[in-house]
Amino acid sequence: MYIYLFETLLYLSFAISAGYLFLEFVPVRFKPEIHVPFRLVQLAAIGVPLFSFASIVKTTVILMDFAPQMSFVELLLIVLTDYSFGRAWIMIFIFGSALFMVISFNGLKNKSSKWVSAAIWICMVSVHGLASHPAALSKQWGILSQSIHVGTVSIWLGILILVAWFKKGSWNWKAFTRWYTPLSIACMALIVIAGLVMMSIIIEVGYINSWGINYGEALLLKHLLFIPLILLAFMNGFLTKVYADGQNEHGLQTWLRVESLIALFILVTTAFMGAQEPPHEAETEGPVPSFLFKLLHPDWNDLSLQWSWNMLGVGCFLMGIISLGFLFTAYKKNKLGIFITLTMIAVLFPFLGLIQSVK
């Protein structure tokens, strides 16, 4: 279980560091007044190598079962020097330490330190892409898609987290949304494109076929979570006239925090996926049905799945669609509890309905 926590903290570290660095380039009059604890920024910088080290430890522990005569330190050195993701982690450690030192000693007080920090951060994201699942299967497209995916998510989400949770002064809402809204749209487009490329690389067995194993189910849940997130981002970006252009500070900040929490659930799901065996790799030994799939289909072991609508699946899917429609009403009436309940229904009902509707 610890690996899921560390993977989530890794993505949060990428996001907070990216959001902080990006906002440093934005003039004060074009962004909300925020006060981010300096310790948090430092932790985010060093957190990338710190939390990504968990996967190195996990691999080392696994190898101990195959080489009990070797010590943990000996196997750790083998992982760091002989494995591509181990060598990549060394580079991440160097870049993360450099970013930590630049932020700590200079505080990003001049343009040169900002650009140096941004360049270091981009290098960290690229090296992280080099050590990813997609890169192991397709060097060029895998690195590119993973790096773009993590980079754009981090920029969009990092800014959102800092504004939602650390805004302390004026909003400058019109000026802020004038550039953040198109930036969010561009990031979302790149996230979708990069995600589709990664899916084509990793899931060779087919999207529906992957729903019988943990990795595919987590991917489906991630995609379903993305729908209410997009809707809420649209409402926060385009329907903020309900809040008189940001004058209702408490209400607006609450909805931004809800948006960031939905995004956090997506990060947790992504962290879970990172610790699972992708369907591409499972082909040699045969995929193992997940607990949920066996619960819904107790008599099936064959994971060559096909689409097959049934009444239960249609009912669950319609419940999800209806719940999505009512999200706008809950938002306009500022009914936070109802909005959260409808979001859960809009995600979980179609999720269960879709998995139940395969044969």
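The first residue of the sequence shown is numbered 1, and numbering continues consecutively from there. Source: prediction; values computed, not measured.
Residue-environment remark: CZ (F166) exceeds the threshold of 12 foreign heavy atoms within 6.0 Å. Heavy-atom contacts from other residues, nucleotides or ligands closer than 6.0 Å to CZ of F53 number more than 12. Around the CH2 atom of W179, the shell of radius 6.0 Å holds more than 12 heavy atoms that belong to other residues, nucleotides or ligands.
Looking at every heavy atom in both residues, L23 comes nearest to K31 through O-NZ, 2.6 Å. In plain terms, the two heavy atoms of M70 and E74 that are nearest each other are CA-OE1, 3.4 Å. When all heavy atoms of P134 and I201 are compared, the pair lying nearest together is O-CG2, 3.8 Å. Pairing each heavy atom of K167 with each of P32, the nearest pair is CG-CB, 4.1 Å.
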Let me have the donor-acceptor pairs involving side chains of residues 136-145, under 3.5 Å, with sequence neighbours excluded, atom names and distances please.
unit_1	atom_1	unit_2	atom_2	d
S145	OG	W141	O	2.7
S145	OG	G142	O	3.2

Scan the side chains in residues 181-200 for donor-acceptor partners under 3.5 Å anywhere in the protein, sequence neighbours excluded, and list what turns up.
unit_1	atom_1	unit_2	atom_2	d
T181	OG1	T177	O	3.1
S184	OG	Y180	O	2.8
S200	OG	V197	O	2.6

Per-pair distances, 0.1 Å, donor-acceptor, side chain in residues 34-45, under 3.5 Å, sequence neighbours excluded:
unit_1	atom_1	unit_2	atom_2	d
H35	NE2	E33	OE2	3.4
Q42	NE2	S104	OG	2.8

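Separating the CG atom in L99 from the SG atom in C123 is a distance of 10.5 Å, to the nearest 0.5 Å. One finds the CE atom of M101 at 8.5 Å from the CD1 atom of I46 (value rounded to the nearest 0.5 Å).
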One pair to check against side-chain contact (heavy atoms from CB on, under 4.5 Å): F93 and S97. What are the steps and the verdict?
CA-CA 6 Å; F93 175 76; S97 300; 3.8 Å; yes
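Partners of T8 under the side-chain hydrogen bond (donor to acceptor under 3.5 Å, both in side chains) rule, at least two apart in sequence or in another chain, do not exist in this structure. When the side-chain hydrogen bond (donor to acceptor under 3.5 Å, both in side chains) test is applied to W211, no partner is found at least two apart in sequence or on another chain.
The aromatic ring centres of W89 and F85 sit 6.0 Å or more apart. A centroid separation of 6.0 Å or more is found between the aromatic rings of W171 and F176.
In the hydrophobic clustering (ILVMFWY side chains linked at under 4.5 Å, chained through shared members), L312 stands by itself.
A single hydrophobic cluster is seen to contain both I266 and I148, as judged by linkage of ILVMFWY side chains at heavy-atom distances under 4.5 Å, directly or through other members.
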